There are 2 protein chains.
Amino acid sequence: MVTENEFLAEYKLSDYERPSVTADVAAFMIRSGEKTSYRKDPEHKLSLLLIRRGGHPYKGMWALPGGFMQSDETVEECALREIMEETSVRPVSIMPVGIFSQPGRDPRGWIISSAYVSIISEESVKQVACDDASDAQWFNVSFEEEEDGIFRLSLSYEDIVLNAVLAEKSASFGRTMFDIVDSGSLAFDHAAIIAAALMALRSAAKSFETVFDFLPDKFTLSALQKVQETIMNVSMLPANFRRMVSKYVEETGEYLRGDGHRPAMLFRRRKTPVK
Amino acid sequence: MVTENEFLAEYKLSDYERPSVTADVAAFMIRSGEKTSYRKDPEHKLSLLLIRRGGHPYKGMWALPGGFMQSDETVEECALREIMEETSVRPVSIMPVGIFSQPGRDPRGWIISSAYVSIISEESVKQVACDDASDAQWFNVSFEEEEDGIFRLSLSYEDIVLNAVLAEKSASFGRTMFDIVDSGSLAFDHAAIIAAALMALRSAAKSFETVFDFLPDKFTLSALQKVQETIMNVSMLPANFRRMVSKYVEETGEYLRGDGHRPAMLFRRRKTPVK
DNA sequence: CAAATAGTGTCTCTAAGACAATATCAC
DNA sequence: GTGATATTGTCTTAGAGACACTATTTG
């Protein structure tokens, strides 16, 4: 009869083959563009952080930030650590997207990826120096269904344009997964991870859970609406949007002025949605 | 200058420490109980498959079915394989619950778990011999919020009752996670996995995506309603339930008779929700 | 004043909840 | 007939979409 302690003393995990595990993060930010007129609000664009790979494999190609998990942390902590290393910003929240474990997805060997979406506010990123020659850059994102079940993902940064094509694989339980038709020069299976991350983001944004993380503590309702519209790729009537979010926000009494039109009240997120 | 092929030929994954990865599955079934009257519909109970551990660690305690992932499969395939080994049933669907990777969660060493919910129809399980002396048994499930943020999970099979207590950790993005207050004699952190799986199941059932997988191809609307009510732990008026699911089902024209009351039409799932 | 956004009110339509009423069977 | 479920219809209410209208600012 072997006791549990005796068993554990003898136990060798090395008897079994093990995968390496990475946490890869699709970090999104919503950027406001150039002011085209002194009083017109600028365009807002969804952008995604990509890293140019400095070493093999996929050397010189763009990939999601990520890294190998260590034994003294959870996968979520690893994901947060990777984002902070690249942006110096601690994301307000991260959300799991799924595990990517297709055999052969990494030419280095058996490496599976646990993917996350994170959301970073433009305010916090602005404080970090943005080096144009850096290997980390924010790409503008466009993601649309071209025909039934076929999606085009376009990522652009200055004159670099990455065009990936994806086929919807399964839509079970609100988490859509994709097969890569054309990787668009993105490293590994990262095109599929990005597409799944975008779908997860949109799905979460349906219930106003996600949106606030893109904004500072105090915000105007039209800023909030812009964020929501940018994520969901839709447009809404301001009057209706106000009604819908009214449960989740509260007035601060402060106003934002100086924009060539009526000042807007600043709101903050309400901890407990009421009414 | 090293080419990618030269790099890969030299590359050794073994330089890095790696975790073992298991896929653990919370497989749910909805069981109908004893007929208390010749015409009254029996009670329906949500049940969960647990395995009595035959070896260390946690020898003799109950745990979720699961096993180590292999390099020639995805984690999802591993999860499906484990369920089929235990039940001889191929689940209609599996849904990811999350990754459980807290350091120290497994006394054998660095082992992380990718958890899934699966749903099995009572019909398919009935065809498999159920051995009372077996190490695999279906436990009745009850899961309720006792006070704010504190949940009690009760699992019972004959005279065995496992009572776990869990504290809500984070509810971000509709995926609730739990800390274990009392494991209720469940192995590893499986009490937390089961709780998270139940929340994922309820959340998915909100949109009528999940429910059909508990039933055979043809079913009556009240059977469907019973399933929905059992998962969500609520009760609904039959008239309203019919209206709500009407988009997702279609008539077969066949009737189920012989139950001491008006025969019910059998419906099937509609591939494309219309109307 | 013109152009732009901020904010309010109201109409309609749809979907969900409550409930009343009828239908059909096995015993 | 009795007791059970099956099925249909209707009333009410809550919320989303559309839209008209007013308010306030800066060049």
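We use all heavy atoms of the structure for the numbers below, so side chains are in, but hydrogens, waters and symmetry mates are not. Please read all numbers here as calculations on a predicted model, not as lab measurements. Here is how names work: the chains are called A, B, and so on, in the same order as the sequence lines, proteins then strands, and each is numbered from 1.
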Legend entry - Rounded interatomic separation in angstrom, taking NZ from K247(B) and C1' from dA15(C): 8 Å
Inset, instruction - Just compare dT8(C), dT7(D), dT25(D) and give me whichever is closest to any side-chain atom of R242(A). - result: dT8(C)
Legend entry - Minimum-distance nucleotide (side-chain atoms of Y38(B) versus dA18(C), dA16(D), dA26(C)): dA26(C)
Inset, instruction - Could you state the atom-to-atom distance from OH of Y255(A) to P of dT25(D) in whole Å? - result: 10 Å
Inset, instruction - Rounded off to whole Å, could you give me the NZ-to-C1' distance for the K226(B) and dA6(D) pair? - result: 12 Å
Inset, instruction - Check if the side chain of N240(A) and the base of dA18(D) share a donor-acceptor pair of N or O atoms closer than 3.5 Å. - result: yes
Legend entry - Whole-Å distance separating the CZ atom of F241(A) from the P atom of dA18(D): 15 Å
Inset, instruction - Would you mind reading off the distance between L221(B) atom CG and dT24(C) atom C1', rounded to a whole angstrom? - result: 16 Å
Legend entry - Proximity of F178(A) and F151(A) rings by center, below 6.0 Å: yes
Inset, instruction - Mark yes or no for a side-chain to base donor-acceptor pair under 3.5 Å between D259(B) and dA4(D), with no hydrogen or angle criteria applied. - result: no
Inset, instruction - Starting from P on dT7(D), measure out to CG on L256(B) and report it in whole angstrom. - result: 10 Å
Inset, instruction - Whole angstrom is fine here: how far is it from NE2 in H261(B) over to C1' in dT7(D)? - result: 13 Å
Inset, instruction - Could you tell me whether the side chain of R243(B) has a donor or acceptor atom within less than 3.5 Å of a complementary atom in the base of dG9(D)? - result: no
Inset, instruction - Identify, between G260(A) and A223(A), the residue whose nearest nucleotide on DNA chain C lies closer to the 5' end. - result: G260(A)
Inset, instruction - State, without any angle test, whether S32(B) and E122(B) hold a side-chain donor-acceptor pair at a distance under 3.5 Å. - result: yes
Legend entry - side-chain N/O S222(B) vs dA6(D) OP1/OP2, d < 4.0 Å: yes
Inset, instruction - Report the nucleotide, chosen from dA6(D), dA18(C), dG17(C), that has the shortest atom-to-atom distance to any side-chain atom of M244(B). - result: dG17(C)
Inset, instruction - Measure centre to centre between the rings of F219(A) and F212(A), then say whether the value is under 6.0 Å. - result: yes
Inset, instruction - Test E250(A) against every option in R269(A), K218(A), K271(A) by the salt bridge (charged side-chain N to carboxylate O under 4.0 Å, His left out) rule and name the one that passes. - result: K271(A)
Legend entry - Residue mapping more 5' on DNA chain D - nearest nucleotide basis, S37(B) or E251(B): S37(B)
Legend entry - Interatomic distance, K35(B) NZ vs dT5(D) C1' [rounded to whole Å]: 10 Å
Inset, instruction - Remember a base hit wins even if backbone is also touched, and classify R257(B) as base, sugar-phosphate or nothing at under 4.0 Å, heavy atoms. - result: sugar-phosphate
Legend entry - Side-chain N,O (R39(B)) to OP1/OP2 (dA26(C)) below 4.0 Å: no
Legend entry - S118(B) side chain reached by I120(B) side chain, heavy atoms, under 4.5 Å: yes
Legend entry - Under-4.0 Å side-chain N/O to phosphate OP1/OP2 contact, R262(A) with dA23(D): no
Inset, instruction - Give the nucleotide from the list dT5(D), dC19(C), dA4(C) with an atom nearest to the side chain of K40(A). - result: dA4(C)
Inset, instruction - Ignoring hydrogens and angles, state whether a donor on the side chain of N140(A) or S47(A) is under 3.5 Å from an acceptor on the partner side chain. - result: no
